[in-house]
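Here's the structure, in structure tokens; my notes come after.
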Amino acid sequence: MATSEKPMPLSSPYSKPLYKWLDRLIPVGLAGFMLLVFFDYSWWVVHSPRPIATWRRIVFFSIWIPTTLFYVSLGLKDIIQNWNGRWEFAGPKPRPPHADTIGTQKVLLQQDYFRTVSGKRVDLSQNAFFRWLFHRRWYQFAAQLPNVIIFNIVIIAGLMGTVNPNLNFGTVITWYLWFGVFFALCLGIGRGWCLICPFSAQAEWVQRLGLFSRRKKLFTLGRKWPQKYSTVLISVFFFMTLTWTEEFYNVAGPGLPIFTAALVAGIIIWDLFYALVFERRSFCHYGCPLAAVIGATSAIAPFEGFRAKDRSLCKTCTTKECMRGSDRSYGCGWFEYPGSMTSNFNCGLTGECFKGCPYENVGLSVHAPLKEAYQPKKKRFDVALSVTLMMGTLFFEVINATPTYGVFDTWLSRITGWNRVAQLLHTQLQGYPNPLDFFGIILVWPLAAWGLTRLAAVFSRGTLTVRELFTRYMYGWIPLFGLGIFARQLPKVLTNAATIIPVLSDPFGFGWNMLGTATGVHTRSVAPDWILWVQVALVIIGGLSGLFITRKITQLDYHNKPGAKAINALMNGMVLIQTVALAALYVDIAAQDPGHPFSPPF
């Protein structure tokens with residue numbers, strides 16, 4: 001049972017003049033920032049040093065004006081409502097009298113099932129500033145707004161900007177910066193990307209008809225997601241499909257900027273459909289192609305997410321405002337109950353539960369990394385299966401960079417006739433990648449994992465089932481997957497990062513110089529040899545972390561079971577083989593560069 005280290009202050013900090021005016025003026029500043037970007041880009045389109053075709057101006061203003069005016073009008077409405085502290089937290093309620101008796105007894109009865117992260121942690125909500133910040137209705141809006149503006153510009157740049165991907169804001173920002181930052185956030189903060197996601201932000205603003213206000217009636221049908229389809233495997237299917245689509249159309253190459261614009265706009269429209277039909281953030285839970293990736297890699301991040309500080313208090317709470325919502329909170333968009341949360345897999349860090357809890361019994365703690373992967377007792381089979389499928393996708397992305405794969409894929413497309421189908425879809429001559437070898441390579445990983453887990457079950461002399469072993473030990477693959485896929489993005493990010501500087505001043509390739517960085521900046525892409533060593537180091541760290549988690553799972557759950565040592569050795573062997581294979585593949589890819597020290601002299 002977790003308890004706070006310091007007593008929570010009983011009064012609201014809103015009475016302090018500084019905090020009071022910050023609460024008023026920060027939303028005003030954010031709305032002003034939106035208008036500043038709007039007028040700045042509009043001015044450059046009208047006064048461009050190079051003539052801009054009429055159709056390009058129409059594309060720009062048909063997107064730019066309606067979205068900006070809509071969001072600014074919502075913002076002004078929210079600012080007026082927020083001016084006098086309409087959603088201010090007056091202070092926590094007294095602790096329920098039965099929390100120390102009935103609540104404590106219920107927690108003790110369920111302490112094994114609700115085994116969660118233990119050990120030293122730092123609760124950020126104990127800090128006066130963070131406590132004040134998490135209570136702000138505009139807390140998430142402030143985090144989302146910059147990304148919303150950036151990715152709306154990405155869409156416009158892809159539709160009307162230059163076709164050169166290295167001079168277009170849409171492709172440069174998305175594939176040379178965003179993908180690297182995205183995985184860094186997953187590994188460092190968990191669902192940090194979900195907090196600032198521009199896709200769910202715009203869908204949620206439409207659903208709520210507000211940027212940060214609390215409305216009772218939402219603009220949605222509010223249907224519940226079908227229970228039988230409540231699985232993260234839907235997200236994995238979308239992730240694999242998106243990966244194949246990116247490879248086939250060379251979206252992330254990067255290829256034509258219009259493909260990047262179509263991808264981003266498609267995700268926003270798909271998210272908006274979910275928001276208008278289903279309740280809360282159903283898209284983030286079941287429709288987002290990155291939900292499984294973010295959720296799985298969150299297990300190695302040090303942020304445990306918002307959850308209850310004292311479960312005994314939650315057991316006697318009758319309102320459950322953290323999950324259901326209140327006058328100042330919408331409740332958790334991921335349908336999570338902080339009183340029973342044991343991992344950070346579904347915590348989007350929005351802070352709605354923090355605002356909703358009348359007792360201030362919700363906190364956001366930081367602890368040592370990796371703990372979320374092995375300490376929680378509750379583990380899910382669909383998450384374990386998802387990890388193996390995503391690992392297979394990672395290995396495909398690495399294998400397809402080798403010459404051997406290119407020859408095999410071309411041969412397979414020719415004998416199956418896929419190259420003719422590919423020509424109809426994208427006028428490709430070879431049809432890379434063939435769906436058969438794409439999904440075939442991916443399926444090798446879950447099938448191999450299941451087979452080896454069946455062998456592990458034999459070692460247990462029938463005391464452990466294959467499903468149970470598979471569910472628990474596949475969590476040991478998470479660090480290798482997370483650090484391995486981050487390593488895959490490094491060459492593209494590090495060798496092309498300099499191209500970001502000029503496109504900030506000339507986002508559409510029209511000869512602008514908005515910030516004075518469009519000219520005179522060295523932007524030649526360089527592939528330093530040390531990138532390989534960073535990749536290999538990340539893979540080794542991921543492998544060692546996987547071995548550590550596997551050993552911890554054995555100690556916590558199977559230390560007194562028959563065959564525990566043999567099972568642990570087998571599972572560690574699986575992690576070790578994948579670590580060596582992934583590192584070797586990265587070395588092989590680097591050797592294809594004629595200028596690399598590992599390149600053969602022929």
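The model shown is predicted, which means the values in this text are computed figures rather than measured ones.
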TODO: Anything under 30° is parallel, anything over 60° is perpendicular, the rest tilted; go ahead and classify Phe182 against Phe179.
DONE: parallel
- [ ] Nearest 0.5 Å please: distance from the CG atom of Asp271 over to the OG atom of Ser282.
- [x] 10.0 Å
Open item on the list: Can you confirm whether Leu385 sits close enough to Pro446 that some side-chain heavy atom of one is under 4.5 Å from a side-chain heavy atom of the other?
Closed with: yes
Open item on the list: Angle between ring planes, Phe238 versus Trp270, binned at 30° and 60°: parallel, tilted or perpendicular?
Closed with: perpendicular
Task: Side chain proximity check, Leu263 to Thr174, heavy atoms < 4.5 angstrom - done: no
Open item on the list: Any heavy-atom pair between the side chains of Cys194 and Trp334 that's under 4.5 Å?
Closed with: yes
TODO: Using the six-membered ring wherever Trp is involved, compare the ring planes of Phe470 and Phe381 and label them parallel, tilted or perpendicular (cut-offs 30° and 60°).
DONE: tilted
TODO: Indicate yes or no: at least one non-hydrogen side-chain atom of Phe396 is less than 4.5 angstrom from one of Pro433.
DONE: yes
Task: For the student: nearest non-hydrogen atoms of Leu187 and Pro302, plus distance - done: O-CD, 4.1 Å
Task: Between CE on residue Met240 and CG on residue Leu443, distance to nearest 0.5 Å - done: 7.0 Å
TODO: Taking atom types as modelled, find out whether Tyr405 and Asp437 have a side-chain donor-acceptor pair closer than 3.5 angstrom.
DONE: yes
Open item on the list: Which residue in the set Thr404, Asp409, Ile441, Ile589 passes side chain to side chain contact (heavy atoms under 4.5 Å, CB included) when paired with Ile399?
Closed with: Ile441
Task: Flag side-chain contact, heavy atom, 4.5 Å: Ser460 against Ile567 - done: yes
- [ ] Please tell me if the side chains of Phe199 and Gln144 come closer than 4.5 Å, counting only heavy atoms from C-beta onward.
- [x] no
Open item on the list: How long is the straight-line distance from CG of Leu538 back to CD1 of Ile485, given to the nearest 0.5 Å?
Closed with: 12.5 Å
TODO: Name all residues meeting the side chain to side chain donor-acceptor pair (under 3.5 Å) criterion together with Ser329; count only those two or more places apart in sequence or in a different chain, and write none if there are none.
DONE: Glu352
Open item on the list: Between Arg191 and Glu336, does the salt bridge (charged side-chain N to carboxylate O under 4.0 Å, His left out) criterion hold? Intermediate values first, please.
Closed with: CA-CA 14 Å; Arg191 284 194 177 268; Glu336 286 292 309; over 6 Å; no
Task: Identified salt bridge (charged side-chain N to carboxylate O under 4.0 Å, His left out) counterpart of Asp557 within the set Lys552, Arg472, Lys378, Arg551 - done: Arg472
Open item on the list: Which heavy atom of Tyr359 sits nearest to which heavy atom of Cys317, and what is that distance?
Closed with: CE1-SG, 4.1 Å
- [ ] Determine the minimum heavy-atom distance between Thr579 and Val575, stating which atoms define it.
- [x] OG1-O, 2.8 Å
TODO: Taking the side chain as every heavy atom from C-beta outward, state whether Asn344 and Phe303 have any pair of such atoms under 4.5 Å apart.
DONE: no
Open item on the list: Any non-hydrogen side-chain atom of Glu360 less than 4.5 Å from a side-chain atom of His135?
Closed with: yes
Open item on the list: Over 60° means perpendicular and under 30° means parallel, so tell me whether Phe151 and Trp193 are parallel, tilted or perpendicular.
Closed with: perpendicular
Task: Heavy-atom pair of closest approach, residues Val107 and Ser312 - done: CG2-N, 3.5 Å
- [ ] Return yes if some donor-acceptor pair links the side-chain N/O of Arg328 with the main-chain N/O of Lys355 below 3.5 Å, else return no.
- [x] yes
Task: Residues Trp445, Trp477; criterion side-chain contact (heavy atoms from CB on, under 4.5 Å); working and verdict - done: CA-CA 11 Å; Trp445 266 257; Trp477 290 20; 3.8 Å; yes
TODO: Taking Thr402 for its side chain and Val398 for its backbone only, find out whether a donor-acceptor pair lies under 3.5 Å.
DONE: no
Open item on the list: How close do Gly356 and Ser326 get, counting heavy atoms only, and between which atoms?
Closed with: CA-OG, 3.9 Å
Open item on the list: Quick check: closest heavy atoms across Ala457 and Leu464, and the distance to 0.1 Å?
Closed with: CB-O, 3.8 Å
